[in-house]
Amino acid sequence: MAGASSFEQSGKDVKSLPAQNAFVTSLAGKTMILVRLRQCHSDGVVCLDGFAPGDLPAEGDAVIARRSGLLLAVQVADCLPVLIVDEAKRILAAVHAGWRGLLAGVVPRTLEAMQSRYGSDPRQCLAVIGPSIGPCCYEVGQDVAMPFEQAFPGRSLLWSDFQPPGRVLASGTGLSDASANPRRTLDLSAACRCQLETAGLPGSSIFSRPPCTSCHRDVFYSYRAEGGSAGRMLAAIGKIR
Ligand SMILES: [Zn+2]
């Protein structure tokens, strides 16, 4: 069976592409078109209805569509993949959200785009937050912790002095001041859940008990743990008809 065609191959020839293509082949065969974006840690939302194949690849970190036959995909390695469906209006979305994207508001921007373009009601949407680096491993410096404290007042997103076995430190990520400040880790998934609930999704419609990508490197890729050579996992959502 031939693989699903693709509007765009990732600009980065990462080692995971063969596995991604095999996944798509097994999932969709020839029947669906895989859509990947040029992700840039932004709040950019691309609506595929009205797009022609020649218009892509597009730059952004969320993609929405009502059309059937498309597999909307985001690539992640520690960042959050978030898949959203409006069951009533049959609108789909795939979102890539790391700490930059969460602060930029890519999740609420996606729901706003679904509302303005299709009349989606967030109260009728379901969301799945996939595997990402967890608060067990995602140590952050003040440059990341402070804006999260400001953006999510009163929320317990930052964990202090949590030191699980295998905790991974990274260089060049604002951690140089770690020895002078309390060690803190960030719960990206909880921040995303907070944004989804604030946007109107019922808590019972958000599914988010993802394992930590850094703790489970036997099955996941982790940018923090493996560096720039880490592969990328594909999270995709689509409807056949
Ligand atoms: Zn972990």
Side-chain angles (χ1 to χ4, degrees), residues 12 14-17 19-20 23 39 41 61-62 73-84 94-104 106-107 127-152 154-197 203 206-237:
K12 189 173 181 181
V14 295
K15 63 186 180 185
S16 49
L17 277 180
Q20 289 188 8
F23 165 72
Q39 298 171 190
H41 298 282
D61 289 272
V74 291
Q75 298 183 87
V76 291
D78 288 343
C79 289
L80 295 168
V82 188
L83 304 177
I84 303 171
V95 186
H96 160 254
W99 71 267
R100 291 182 184 85
L102 288 172
L103 288 177
V106 66
V107 174
V128 176
I129 303 172
S132 68
I133 191 165
C136 44
C137 292
Y138 193 37
E139 187 172 343
V140 296
Q142 273 297 99
D143 56 335
V144 175
M146 188 178 298
F148 270 88
E149 287 178 321
Q150 293 170 345
F152 298 87
R155 299 282 182 158
S156 300
L157 303 179
L158 289 154
W159 298 20
S160 298
D161 298 324
F162 189 85
Q163 299 183 45
R167 184 177 59 82
V168 177
L169 287 173
S171 60
T173 55
L175 302 181
S176 59
D177 60 346
S179 60
N181 292 296
R183 189 172 281 146
R184 291 199 287 180
T185 59
L186 176 62
D187 191 340
L188 292 171
S189 180
C192 182
R193 170 176 277 275
C194 174
Q195 290 183 326
L196 288 166
E197 290 182 349
I206 303 168
F207 302 90
S208 64
R209 295 177 65 89
C212 170
T213 47
S214 182
C215 283
H216 300 281
R217 275 173 276 159
D218 52 332
V219 289
F220 299 124
Y221 294 115
S222 172
Y223 184 89
R224 175 63 72 93
E226 300 173 70
S229 65
R232 299 293 187 275
M233 295 171 290
L234 195 70
I237 187 169

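None of the values given here were measured: they were computed from a predicted structure. Counting starts at 1 for both ligands and their atoms, following the listed order.
Applying the side-chain contact (heavy atoms from CB on, under 4.5 Å) rule to Ala104 yields the partners Asp43; only residues at least two apart in sequence or on another chain are considered. Among residues two or more places apart in sequence or in another chain, the side chain to side chain donor-acceptor pair (under 3.5 Å) test is passed with Thr213 by Asp78.
The SG atom of Cys212 and the SG atom of Cys215 meet at the Zn ion (ligand 1) at an angle of about 110°, given to 10°. Taking the Zn ion (ligand 1) as the apex, the angle formed with SG of Cys137 and SG of Cys136 is 120°, to the nearest 10 degrees.
Using a cutoff of 4.0 Å between basic side-chain nitrogens and carboxylate oxygens, Arg184 and Glu139 are not scored as salt-bridged.
Using cut-offs of 30° and 60° on the angle between ring planes, the pair His216 and Phe220 is perpendicular.
Metal site remark for the Zn ion (ligand 1): His216 contributes no N, O or S atom at a distance under 2.8 Å.
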